[in-house]
Amino acid sequence: MDAIVAAALKKWPNVPACYAWLALDARGDWYMRDDRIQHAGPFPRVKGSRIDHEKLREFISRNYASDESGAWFFQNGPQRVYVELEAAPWIWRLQPDPSSSAVVVTSHTGLPARAGDAFLDESGRLFLASDIGLGIVHTLDMGVAGDAVERGSWQPQSLAFAALIARFGYCLSPAAKAKG
């Protein structure tokens with residue numbers, strides 16, 4: 001967490017949380033969802049405005065965390081902005097390690113991860129459990145993932161998407177959960 005964010009939390013500890021205004025899609029893109037977009041439909045059916053500003057994306061990434069209930073949020077100064085997730089809290093980018101047969105796994109926020117178990121959901125999406133949590137493999141990196149599967153580095157297990165969410169204890173829609 002940025003020092004300026006921690007200082008703001010100390011100065012204003014009781015700022016109400018914000019719901020449904022920020023979302024993360026399965027390709028690691030952040031979206032702003034104003035009132036008009038929220039009323040137009042749920043995420044990801046209606047995404048909103050993609051955040052393209054590099055410094056803002058970096059700020060969100062540095063201050064991205066989860067609470068005890070498995071809801072993910074961006075700590076924006078003193079305000080917790082809960083994130084609507086399309087698939088998982090982490091989006092994995094994969095690179096072959098040129099010095100070995102391993103795969104370098106990095107989150108959409110730039111954090112390195114050590115992949116463990118692999119899962120395929122009913123839609124054929126590949127998820128990897130890691131030392132920092134569960135994430136979905138970015139669609140552009142499925143070639144690297146396929147090579148790892150063929151080498152036997154990962155042996156994907158079939159598991160329904162709903163079962164993945166339950167097993168790894170995260171919340172796709174904190175807004176829906178807050179309503180009730």
Side-chain angles (χ1 to χ4, degrees), residues 1-2 5 18-34 37-38 41-67 70-76 80-97 102-149 153-154 156 159 161-162 164-165 167-176:
M1 183 181 302
D2 288 357
V5 171
C18 176
Y19 292 89
W21 282 75
L22 184 63
L24 177 67
D25 76 2
R27 293 176 61 89
D29 289 324
W30 297 104
Y31 287 86
M32 291 294 300
R33 302 188 76 246
D34 62 18
I37 293 299
Q38 290 176 44
F43 184 79
R45 187 170 50 90
V46 180
K47 287 193 172 183
S49 301
R50 195 171 105 205
I51 298 174
D52 291 324
H53 191 277
E54 181 179 347
K55 296 296 182 189
L56 178 54
R57 286 193 325 260
E58 290 171 0
F59 181 62
I60 293 169
S61 294
R62 287 192 312 271
N63 297 286
Y64 180 60
S66 65
D67 67 17
W72 286 79
F73 63 88
F74 155 53
Q75 191 67 48
N76 184 21
R80 190 169 278 191
V81 179
Y82 281 96
V83 178
E84 300 290 298
L85 302 173
E86 180 174 354
W90 301 107
I91 313 310
W92 303 131
R93 298 308 314 257
L94 309 178
Q95 293 291 322
D97 183 342
V103 174
V104 176
V105 180
T106 307
S107 76
H108 68 285
T109 65
L111 292 176
R114 285 187 310 276
D117 291 335
F119 302 93
L120 280 174
D121 75 358
E122 64 273 20
S123 297
R125 300 180 296 180
L126 181 63
F127 293 79
L128 299 175
S130 81
D131 57 328
I132 64 172
L134 184 76
I136 188 170
V137 173
H138 193 290
T139 56
L140 292 177
D141 297 334
M142 288 304 291
V144 175
D147 291 343
V149 169
S153 299
W154 296 327
L159 194 60
F161 182 55
L164 278 168
I165 293 168
R167 180 172 177 175
F168 290 93
Y170 64 94
C171 176
L172 289 178
S173 180

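At least one donor-acceptor pair closer than 3.5 Å links the side chain of E84 to the backbone N or O of A175. No donor-acceptor distance shorter than 3.5 angstrom exists from the side chain of D97 to the backbone of A102, with no hydrogens or angles considered.
S107 is listed as a side-chain neighbour of W92, based on a closest heavy-atom distance under 4.5 Å. Looking only at side-chain heavy atoms (C-beta outward), V137 and M142 come within less than 4.5 Å of each other. The shortest side-chain heavy-atom distance between R80 and C18 does not fall under the 4.5 Å cut-off. When side chains are defined from C-beta on, D67 counts as touching Y82, because their heavy atoms get closer than 4.5 Å. The side-chain heavy atoms of V83 and I60, taken from C-beta on, include no pair separated by under 4.5 Å. A heavy-atom distance below 4.5 Å is found between the side chains of F161 and L172. Between L24 and H108 there is a side-chain heavy-atom pair separated by less than 4.5 Å. Side-chain contact between D147 and V103 is absent, with no heavy atoms from C-beta onward closer than 4.5 Å.
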Exercise for review: Run the numbers on D29 and R57 for side chain to side chain contact (heavy atoms under 4.5 Å, CB included), then give the verdict.
Suggested key: CA-CA 9 Å; D29 289 324; R57 286 193 325 260; 5.8 Å; no

Practice item. Decide yes or no on side chain to side chain contact (heavy atoms under 4.5 Å, CB included) for F127 and I136, but give the supporting numbers first. Key: CA-CA 4 Å; F127 293 79; I136 188 170; 3.8 Å; yes

Review point. Can you check side chain to side chain contact (heavy atoms under 4.5 Å, CB included) on I91 and R27, steps first, answer last?
Key: CA-CA 6 Å; I91 313 310; R27 293 176 61 89; 5.6 Å; no

Exercise for review: Start with the C-alpha gap between M32 and I51, add the side-chain angles, then the distance that decides, and say whether side chain to side chain contact (heavy atoms under 4.5 Å, CB included) holds.
Suggested key: CA-CA 7 Å; M32 291 294 300; I51 298 174; 3.6 Å; yes

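Partners of R114 according to the salt bridge (Lys or Arg N to Asp or Glu O under 4.0 Å) rule, which considers only residues two or more places apart in sequence or in another chain, are D131.
The two residues W72 and G70 have their closest heavy-atom pair at CD1-O, 3.4 Å. The shortest non-hydrogen separation linking Q38 to R33 is NE2-O, 2.7 Å. Smallest separation of non-hydrogen atoms from A87 and R125: CB-NH1, 3.8 Å. In terms of heavy atoms, W154 sits closest to G116 at CD1-O, 3.9 Å. Nearest approach of I37 to G48, heavy atoms of both residues: CG2-CA, 3.7 Å. The shortest heavy-atom contact between P112 and I132 is O-CD1, 4.2 Å.
Here the rule is ring pair (Phe, Tyr, Trp, His ring centres under 6.0 Å) with F59, and of F74, W30, Y64 only F74 fits it. The side-chain contact (heavy atoms from CB on, under 4.5 Å) test with W90 singles out one residue from L128, L85, T106, L111, and that residue is L111.
Between Y31 and F43, the ring planes lie tilted relative to each other; the angle falls in the 30° to 60° range.
Residue E122 places its CD atom among more than 12 non-hydrogen atoms of other residues, nucleotides or ligands, all under 6.0 Å distant.
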